[in-house]
Amino acid sequence: MSDFNQLNELEHTTYPIYEGYDLGLTYTPAGSKFKVWAPTAQQVHIALYNDAGVYDQEGNVQEHGGGQEFLMSRDDQGVWSIELEGDWNKYYYMYRLEWADNTIHYVADPYATGVSANGQRTAIIDLAQTNPDGWELDAGPTLKRPTDAILYELHVRDFSMDTHFNTGKKDLSAAQGRFEAFTYTGLKDTEGNSIGLDHLLELGITHVHLLPVADFHTVNDFAELETEYNWGYDPQHYNVPEGSYSSNPADPETRIRELKLLVQSLHTAGIGVIMDVVYNHTYSVEQGPFEPVVPGYYYRTDEQGQLTNGSGVGNEVATERPMVRKYIKDSLRYWAEEYHIDGFRFDLMGLIDTPTVEQLTQELRSEVRPDLLIYGEPWTGGESPQPLLTLKGTQRDKGFAVFNDNYRSAIKGDSDGTGSGFATGAEHQEEQVLKGAFGAIHDFTAQPSETVNYVTAHDNLNLWDKILTVRHLREHCRFPQWEQGKPQDGRTPEQAVAEADPYWELDEDNLLENETVRKSLLANGMVLTSQGIPFIHAGDELLRSKYGDHNSYRSSDVVNAIHWDNKARFRPVFDYYQGLIALRRNHPAFRMDHRELVEQHMEVLQSSGHVVAFALRHHANGDAWNHIVVIYNGSDVEQTILLPAESDRWHVVVDAHGAGNETRYEVVGHRVTVSRWSMMVLYDQEEPARVSFVTEQDQANRQAENELEDSDEGTDQEIAGTAMALTDVQLGKGKDSEVAPFRTIELIYERADRQYTGWNVWVWGTGHRDGHVEFRDLDDGRAIARIQVAPDIQRIGYIVRLNHWDAKDVEADRYIDIDLNQSVMQVLIHSGREEYLLLVNDNRAG
């Protein structure tokens with residue numbers, strides 16, 4: 001046993017342990033029972049009030065005398081209790097604790113489930129009266145495996161404080177910044193784009209991870225909404241919703257009912273709710289929920305008896321002590337059962353001892369809900385004396401997950417500076433990227449379900465601002481230097497934001513060609529196509545900027561709010577995210593939850609030259625697609641990648657210009673070119689997987705191979721003949737084929753300078769052979785490229801380019817609508833013009 005454990009065991013052996021589940025208030029209309037664990041108090045009274053008290057200018061109640069006080073009795077487990085007959089609903093109470101030195105403290109119940117504004121007094125409430133209509137039928141989405149989740153981190157206030165949230169027919173100003181904003185559907189911007197809850201549904205995420213919604217200390221419930229802001233990592237009452245998010249913080253029931261309505265609304269949309277919990281520290285010690293009740297017990301101290309500071313904010317909760325561990329487990333159970341919460345994210349989980357995390361995971365999963373998501377930050381905010389910190393690796397085979405900062409750094413670089421990663425320009429990150437893509441099973445996890453993959457979160461620079469910082473564009477964007485939520489140059493946040501322009505370099509007509517856009521899509525594209533649990537920071541899909549503020553925990557809404565007008569402005573970016581999420585949700589190959597599956601199905605194709613490519617083979621995890629190839633190109637030039645030899649026809653579903661489940665175009669052959677700063681996903685063929693696990697498939701494949709090797713002579717010729725027959729049918733050349741012949745598009749290109757050297761056309765969507773097509777000179781000063789198009793194709797895309805993307809004739813993607821009555825179409829394009837001319841000819845089909 002370590003010296004630290006010996007010290008704590010000796011120091012606290014005199015504290016009795018209570019194992020019941022009824023600490024706090026048990027209310028019925030016939031009577032109320034109160035229980036508080038305070039083993040060192042000399043005497044405890046319950047003090048009852050018919051009002052919330054008299055508030056001072058700071059929003060606090062200083063005087064708690066004058067209530068009805070009743071002496072409580074103590075048992076041998078250190079629990080003081082009393083049962084009062086009658087209906088005490090809507091009264092308030094405090095505990096009056098008296099100590100050996102005759103000092104007296106009035107304290108709120110640490111197990112409080114309802115409080116007055118700013119948590120000044122504990123409220124007696126009938127929780128059944130806070131349930132919305134239909135609450136008994138409410139349930140979140142069920143997860144077959146943790147890796148099915150797609151997490152979306154969101155602050156309650158950020159969601160709705162933008163003025164564009166209130167642009168509909170109904171005045172929603174009273175709901176802005178509050179729980180209520182999540183209950184409205186059908187909201188649209190002026191361009192008809194869905195915003196608010198419908199935006200989340202349209203995006204396709206499975207769970208909203210809410211920054212802390214339990215009552216926190218640093219926002220005055222009575223303050224004007226625009227004047228105070230905080231992320232909420234300053235806990236006060238652990239089992240009560242935050243009052244400032246309520247439409248009426250003075251009414252203890254309202255905040256409870258409105259948070260339940262938020263949960264119910266998201267559940268109705270099929271979206272789960274993850275609660276960000278902060279059990280590692282409290283905002284204050286002396287004025288916190290624990291120290292006034294059992295002095296010296298709830299916090300870690302060093303050998304000199306001084307508070308330790310593993311949290312970085314002055315204290316750390318001693319989670320390893322039995323009654324602290326019990327408190328955390330009781331609190332989590334309460335939220336999961338009373339509020340139907342679908343999972344928990346632990347702030348600074350590293351400070352919570354591993355046995356506590358392991359126990360709460362096992363107990364919640366076995367006794368409350370088997371698919372509860374549990375994950376957290378596997379680090380601390382400072383040095384801690386606790387020897388059993390929950391750091392990366394301690395979660396192996398324990399049922400919970402941790403954030404993968406290794407992968408985060410490999411993708412983007414450092415958090416706030418100009419350091420780069422794979423997606424932002426750094427070289428030699430391929431090995432670390434592969435570790436992340438493989439679910440960290442060759443790094444710190446036993447299973448891919450133990451890693452939460454992400455690039456950015458609420459803390460540090462968000463993704464857009466980070467990439468701008470790496471590219472040294474902050475000055476061009478006129479970002480101020482921020483300190484404690486304000487610009488250092490003396491301007492107001494509103495002035496600084498109004499004068500900044502995070503999007504100064506964007507050509508909004510060619511969004512997906514922009515370097516910063518592409519790098520942002522690549523970064524989160526890597527997260528969404530890697531094994532593990534993906535996590536996205538709210539607003540990334542709208543190119544959200546915080547104007548360079550890397551620590552906006554107390555900054556104003558003008559910095560933190562999600563700007564809903566960006567959805568229309570940057571719609572192709574949203575569509576790309578939506579497509580990536582749909583791809584992941586529809587294809588279990590990206591969601592393997594066991595190490596064995598990853599090792600059996602994933603194969604590295606390339607890991608060099610700023611390119612990472614891997615294959616998901618043989619209907620991975622029961623996927624309908626046979627072989628899937630994923631390619632990440634972090635370089636500033638296009639890259640040609642060798643594809644697996646098993647197939648020579650590949651369907652592209654993700655490239656630099658779009659993402660989703662549907663085939664964008666096909667690649668014929670064994671090579672594909674991937675644009676700079678982009679990714680690509682391809683598959684060879686689609687059919688229902690015959691087996692669920694690769695081991696069986698591999699056995700079948702090996703048996704077939706053995707039979708093939710032992711078969712009669714001429715097998716190779718038979719196989720070749722079959723392949724030739726298939727090719728003929730595909731091309732409409734079968735002996736008795738009814739298939740229509742391929743069409744030809746003659747793309748005639750005219751330049752004023754008549755200089756065609758190096759110019760070529762890149763085509764897609766042909767249904768035959770996409771990619772590079774050369775121009776040939778004509779006698780009349782023009783050039784021609786002949787493009788073969790499959791018979792059922794109605795539209796193709798093309799770009800005229802110089803060499804390998806040294807330049808484009810026209811920046812925008814261009815398209816040709818196919819005339820199904822023509823076997824040969826002649827299309828004339830002029831340099832610098834987007835439109836084309838269709839030349840008349842007599843080459844009619846059939």
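Just so it is clear, the values below take in all heavy atoms, side chains as well, and ignore hydrogens, waters and symmetry mates.
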Taking [X] for its side chain and [Y] for its backbone only, find out whether a donor-acceptor pair lies under 3.5 Å.
| X | Y | result |
| --- | --- | --- |
| Thr122 | Tyr93 | yes |
| Lys326 | Gly20 | yes |
| Glu242 | Ser244 | yes |
| Asp162 | Ala561 | no |
| His281 | Tyr299 | no |
| His237 | Gly119 | yes |
| Glu338 | Trp335 | no |
| Gln578 | Glu202 | yes |
| Asp198 | Thr185 | no |
| Asn50 | Tyr91 | no |

Nearest heavy-atom neighbours spanning [X] and [Y]:
| X | Y | value |
| --- | --- | --- |
| Gly232 | Pro212 | O-CB, 3.2 Å |
| Lys260 | Asn131 | NZ-OD1, 2.5 Å |
| Pro493 | Gly485 | CG-O, 3.8 Å |
| Gln264 | Pro132 | OE1-CB, 3.5 Å |
| Arg585 | Gly204 | NH1-O, 2.6 Å |

SB check [X] [Y] (cutoff 4.0 Å):
| X | Y | answer |
| --- | --- | --- |
| Lys567 | Asp565 | no |
| Arg121 | Asp51 | yes |
| Glu98 | Arg96 | yes |
| Glu258 | Arg178 | no |
| Arg369 | Asp342 | yes |

Could you tell me whether [X] atom [atom1] has more than 12 heavy atoms of other residues or ligands within 6.0 Å of it?
| X | atom1 | result |
| --- | --- | --- |
| Lys329 | NZ | yes |
| Glu224 | CD | no |
| Asp133 | CG | no |
| Gln287 | CD | no |

Practice prompt. Any chance you could lay out the ring pair (Phe, Tyr, Trp, His ring centres under 6.0 Å) test for Trp564 and His199, step after step, and finish with the verdict?
Written response: CA-CA 10 Å; Trp564 289 110; His199 169 86; 4.9 Å; yes
Worksheet entry | Steps toward ring pair (Phe, Tyr, Trp, His ring centres under 6.0 Å) verdict (Tyr229, His155) | CA-CA 11 Å; Tyr229 178 100; His155 186 274; 4.8 Å; yes
Discussion item. The test is ring pair (Phe, Tyr, Trp, His ring centres under 6.0 Å); show your working for Phe344 and Tyr375 and say whether it passes.
Written reply: CA-CA 7 Å; Phe344 300 97; Tyr375 59 98; 9.8 Å; no
Below 4.5 Å, heavy atoms only, C-beta onward: do [X] and [Y] meet side chain to side chain?
| X | Y | value |
| --- | --- | --- |
| Asn60 | Gln62 | yes |
| Gln176 | Asn166 | yes |
| Ile341 | Val273 | yes |
| Asp347 | Glu377 | yes |
| Tyr454 | Leu463 | no |
| Ile271 | Tyr152 | no |

Practice prompt. Could you check Asp276, Val277, Leu259 and say which one makes a side chain to side chain contact (heavy atoms under 4.5 Å, CB included) with Val213?
Written response: Leu259
Just checking, is any N or O donor in the side chain of [X] or [Y] under 3.5 Å from an acceptor N or O on the other one?
| X | Y | answer |
| --- | --- | --- |
| Asp171 | Ser173 | yes |
| Lys35 | Tyr18 | yes |
| Ser116 | Tyr55 | yes |

Could you state the interatomic distance from [atom1] ([X]) to [atom2] ([Y]), rounded to the nearest 0.5 Å?
| X | Y | atom1 | atom2 | value |
| --- | --- | --- | --- | --- |
| Trp231 | Ser552 | CH2 | OG | 4.5 Å |
| Leu201 | Leu266 | CG | CG | 10.0 Å |
| Arg345 | Leu151 | CZ | CG | 11.0 Å |
| Asn460 | Lys546 | CG | NZ | 9.5 Å |
| Tyr553 | Gln484 | OH | CD | 4.0 Å |
| Ile125 | Arg257 | CD1 | CZ | 9.5 Å |

Practice prompt. Please report the C-alpha distance between Met275 and Leu210 in whole Å, then the side-chain angles of each, then the deciding distance to 0.1 Å, and finally whether the side-chain contact (heavy atoms from CB on, under 4.5 Å) criterion is met.
Written response: CA-CA 5 Å; Met275 185 174 173; Leu210 292 174; over 6 Å; no
Fill in: Derivation and outcome, side-chain contact (heavy atoms from CB on, under 4.5 Å), residues Val317 and Asn280
CA-CA 5 Å; Val317 173; Asn280 64 84; 5.9 Å; no
Discussion item. For Tyr245, does the six-membered ring have the charged nitrogen or CZ of Arg157 within the cation-pi criterion, i.e. under 6.0 angstrom from the centroid and within 45° of the normal?
Written reply: no
Worksheet item: Is the cationic atom of Arg255 (NZ for Lys, CZ for Arg) positioned less than 6.0 Å from the six-membered ring centroid of Phe179 and within 45 degrees of its normal?
Response: no
Item to complete: Identify, with sequence neighbours excluded, every residue that meets side chain to side chain donor-acceptor pair (under 3.5 Å) alongside Ser160.
Response: none
Item to complete: Please step through side-chain contact (heavy atoms from CB on, under 4.5 Å) for the pair Asp75 and Ser81, ending with a clear verdict.
Response: CA-CA 8 Å; Asp75 64 17; Ser81 64; 5.9 Å; no
Worksheet entry | Matching residue for Tyr327 among Tyr21, Tyr279, Phe290, Trp37 - test: ring-ring contact (aromatic ring centres under 6.0 Å, His included) | Phe290
Practice prompt. Apply salt bridge (Lys or Arg N to Asp or Glu O under 4.0 Å) to the pair Arg554 and Glu228, showing each step before the final yes or no.
Written response: CA-CA 8 Å; Arg554 60 181 297 180; Glu228 296 185 15; over 6 Å; no
Worksheet entry | ring pair (Phe, Tyr, Trp, His ring centres under 6.0 Å) assessment of His458 paired with Tyr233 | CA-CA 12 Å; His458 65 277; Tyr233 293 98; 5.1 Å; yes
Item to complete: Could you please spell out the steps behind the side-chain contact (heavy atoms from CB on, under 4.5 Å) verdict for Thr183 and Glu180?
Response: CA-CA 6 Å; Thr183 65; Glu180 185 184 351; 4.0 Å; yes
